[in-house]
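The structure appears right after this line, and notes come after that.
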Amino acid sequence: MKINSRSLQDLQIFGSLSQVPVIYVERHMIQCQKSCFVEDVASLSLNGPLDKTKATIMPNAAINSLPPKTSNHVLVRRALRVVVFVHGFQGHHLDLRLVRNQWLLIDPGAECLMSRINEDKTTGDFRELGQRLAEEVSSFLNIKISSASGRTAYGSFRLSFVGHSIGNVIIRSALTDAAMKPYLKNLYTYMSISGPHLGYLYSSNTLFSSGLWLFKKLKGSPCMHQLTFTDDTDIQSCYLFKLSQEKTLEYFQNIILLSSPQDRYVPYHSARIQLCHAATRDYKKGPAYRAMLKNCLNQIVSAATTDRLFLRCDVNFDTSSQARTLNNFIGRTAHIEFLETCTYARFLMWSFPKAFS
């Protein structure tokens, strides 16, 4: 009997099938040399199709860190690919190590920076957190470029970012810093894991919102005030609204937003950068929220160096074994599960290898 080997799959690499996360992928290809401006936010952000109508291109300049070759000096040019991993609130620089390991399996030549500059400092102002990250990344890149051997030069350069939780806000804040300006044209892939891009407006987790309110009262954390839009009396003067007006997303060639409907620590719509129904009924803060959303989406659908890959990915974890734990009760289980399992990352990276290599 003949067996069609192409129809067989080794499912053991994913472990027990009953514990494999279920991933729903919403994929959009935004084409180069076209123009798109988001006017109807609701049609785009409530799982509607993206309008592919404009994208201006910024050429990806090569980096030559060493002098040109001479007759007695032959340079070997290779690509410098740097990936920066940024932890979340009160996190550790190794929080994203499983995602890093999967990235290195698909691209062994990548240089990885596990950011540690903001460890034990994540309660501060996002401006300061972003500035420190920008300086850390700039220093890392300078060392890598200057440490090239006498016979090696970098012919091209790609810079990618992976963030978890508020680490994503820190990344976007860092991209507005002057230290990152020389590298914006080299941005490649941005992987956002449960990031509160639109803050904590319209959070459905009342228990978490109560804890957040208490934390702000006791600790006076600047970043928590910024996430909840209480850092200014005018919402359009709040930090996250102003950050949405900065060009932080439009330089990436690949943008991947991971979220989980089981994650009640970060509002689902905030992680996906999409409109929520509560905002459409809110006549006080709703217009500012929709303006902030439009600012972010316009960056995603414009100004790509090549055809841009934009993914929204919903990850559904098996949480049955933690049904009675405190983490599950307060909605934290899925938020941490992103750090404790790498199956979802393995699936995405091998499904879209070009974005990770």
Side-chain angles (χ1 to χ4, degrees), residues 9-27 78-88 91-116 119 133 136-137 140-141 144 157-168 170-171 186-195 252-260 262-263 265-266 271-272 308-319 321 333-357:
Q9 299 180 36
D10 182 8
L11 300 180
Q12 296 303 313
I13 63 173
F14 295 111
S16 173
L17 291 181
S18 62
Q19 298 176 352
V20 173
V22 178
I23 306 174
Y24 296 92
V25 178
E26 175 188 330
R27 177 182 178 181
R78 65 185 185 91
L80 174 62
R81 300 180 302 280
V82 176
V83 189
V84 182
F85 296 84
V86 185
H87 61 78
H92 189 270
H93 70 279
L94 292 177
D95 280 352
L96 289 164
R97 64 192 181 279
L98 296 181
V99 179
R100 175 204 60 188
N101 293 345
Q102 291 302 317
W103 195 302
L104 288 174
L105 285 176
I106 201 168
D107 184 12
E111 300 283 353
C112 295
L113 169 61
M114 309 295 288
S115 175
R116 62 174 73 201
E119 279 188 8
L133 175 62
E136 182 184 30
V137 173
F140 181 83
L141 294 175
K144 287 297 175 183
F157 168 39
R158 287 178 174 177
L159 177 61
S160 300
F161 284 89
V162 179
H164 177 249
S165 190
I166 70 167
N168 291 286
I170 298 174
I171 290 172
N186 301 105
L187 295 178
Y188 187 61
T189 294
Y190 175 41
M191 186 175 180
S192 166
I193 303 175
S194 196
F252 288 100
Q253 294 184 31
N254 307 287
I255 299 176
I256 304 169
L257 305 178
L258 286 101
S259 58
S260 174
Q262 300 163 302
D263 181 2
Y265 252 41
V266 172
R272 288 173 58 86
R308 171 177 291 150
L309 174 67
F310 174 44
L311 302 178
R312 283 187 178 122
C313 307
D314 278 354
V315 185
N316 295 267
F317 298 100
D318 173 29
T319 59
S321 61
T333 300
H335 193 69
I336 299 303
E337 198 68 20
F338 277 114
L339 304 178
E340 296 183 348
T341 182
C342 60
T343 306
Y344 70 91
R346 184 185 311 159
F347 170 80
L348 283 175
M349 290 179 184
W350 290 101
S351 298
F352 305 96
K354 187 178 178 181
F356 301 96
S357 60

Under the criterion side chain to side chain contact (heavy atoms under 4.5 Å, CB included), I'd like the reasoning laid out for I193 against L96: C-alpha separation, chi angles, the key distance, then a yes or no. CA-CA 10 Å; I193 303 175; L96 289 164; 3.9 Å; yes

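- Side-chain contact between M191 and F356 is present, with heavy atoms from C-beta onward closer than 4.5 Å.
- Residue pairs meeting the side chain to side chain donor-acceptor pair (under 3.5 Å) criterion with at least one partner in residues 348-357, sequence neighbours excluded, are absent.
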Test log, rule side chain to side chain contact (heavy atoms under 4.5 Å, CB included), inputs R158 and V82: CA-CA 6 Å; R158 287 178 174 177; V82 176; over 6 Å; no

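- Contact check for S259 versus V315: no side-chain heavy atoms found under the 4.5 Å cut-off.
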Could you walk me through whether I23 and T343 pass the side chain to side chain contact (heavy atoms under 4.5 Å, CB included) check? CA-CA 10 Å; I23 306 174; T343 306; over 6 Å; no

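- Taking Y344 as the reference, F338 meet the ring pair (Phe, Tyr, Trp, His ring centres under 6.0 Å) condition, with sequence neighbours excluded.
- Annotation: side chain of C342 is not in contact with side chain of V99 (no heavy-atom distance under 4.5 Å).
- A donor-acceptor pair under 3.5 Å links the side-chain atoms of R312 to the main chain of R272, judged by distance alone.
- Put simply, the side chain of N186 never gets that close to the backbone of L159: no donor and acceptor are under 3.5 Å apart.
- Atoms CG and OH, from N254 and Y190 in turn, are 13.5 Å apart once rounded to the nearest 0.5 Å.
- The shortest side-chain heavy-atom distance between F161 and V83 does not fall under the 4.5 Å cut-off.
- Of all non-hydrogen atoms in F140 and C112, the two that sit nearest each other are CZ-O, 3.9 Å.
- Side chain to side chain, E119 and H93 meet the donor-acceptor criterion of an N or O pair below 3.5 Å.
- Side-chain polar atoms of Q253 and T189 form no donor-acceptor pair below 3.5 angstrom.
- Here the side chain of S260 pairs a donor or acceptor atom with the backbone of Q262 at under 3.5 angstrom.
- When all heavy atoms are compared, the tightest approach of Y188 to A355 is CE2-O, 3.6 Å.
- A distance-only check finds a donor-acceptor pair linking the side chain of E136 to the backbone of R116 [under 3.5 Å].
- In summary, the side chains of Y24 and N316 do not present any donor paired with an acceptor at a separation below 3.5 Å, with no hydrogens or angles considered.
- In this structure the side chain of V25 never reaches within 4.5 angstrom of the side chain of D314, judged on heavy atoms.
- L98 is not listed as a side-chain neighbour of L339, based on a closest heavy-atom distance of 4.5 Å or more.
- The distance from the CG atom of D318 to the CD atom of E337 is 8.5 Å, given to the nearest 0.5 Å.
- Side-chain atoms of I171 and V84, non-hydrogen and from C-beta on, never get closer than 4.5 Å to each other.
- In this structure, CD1 on I166 lies 12.0 Å from OG on S194, to the nearest 0.5 angstrom.
- Of all the heavy atoms in I256 and C313, the pair that sits closest is CG2-SG, 4.2 Å.
- Residues P21 and F317 share a closest heavy-atom pair of CG-CD2, 3.9 Å.
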Between L141 and F157, is the side chain to side chain contact (heavy atoms under 4.5 Å, CB included) condition met? List the steps. CA-CA 10 Å; L141 294 175; F157 168 39; 3.6 Å; yes

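- To the nearest 0.5 Å, atom CD1 of residue I255 and atom OG of residue S192 are 10.0 Å apart.
- Here the side chains of L133 and V86 are in contact, with some heavy-atom distance below 4.5 Å.
- Listed by first and then second residue, the side chain to side chain donor-acceptor pair (under 3.5 Å) pairs involving residues 94-110 are R81-D107 (not counting sequence neighbours).
- Contact detail for A271 and V266: the closest heavy-atom pair is CB-CG1, 4.1 Å.
- The backbone N or O of M114 lies less than 3.5 Å from no partner atom in the side chain of H87, so there is not a single donor-acceptor pair.
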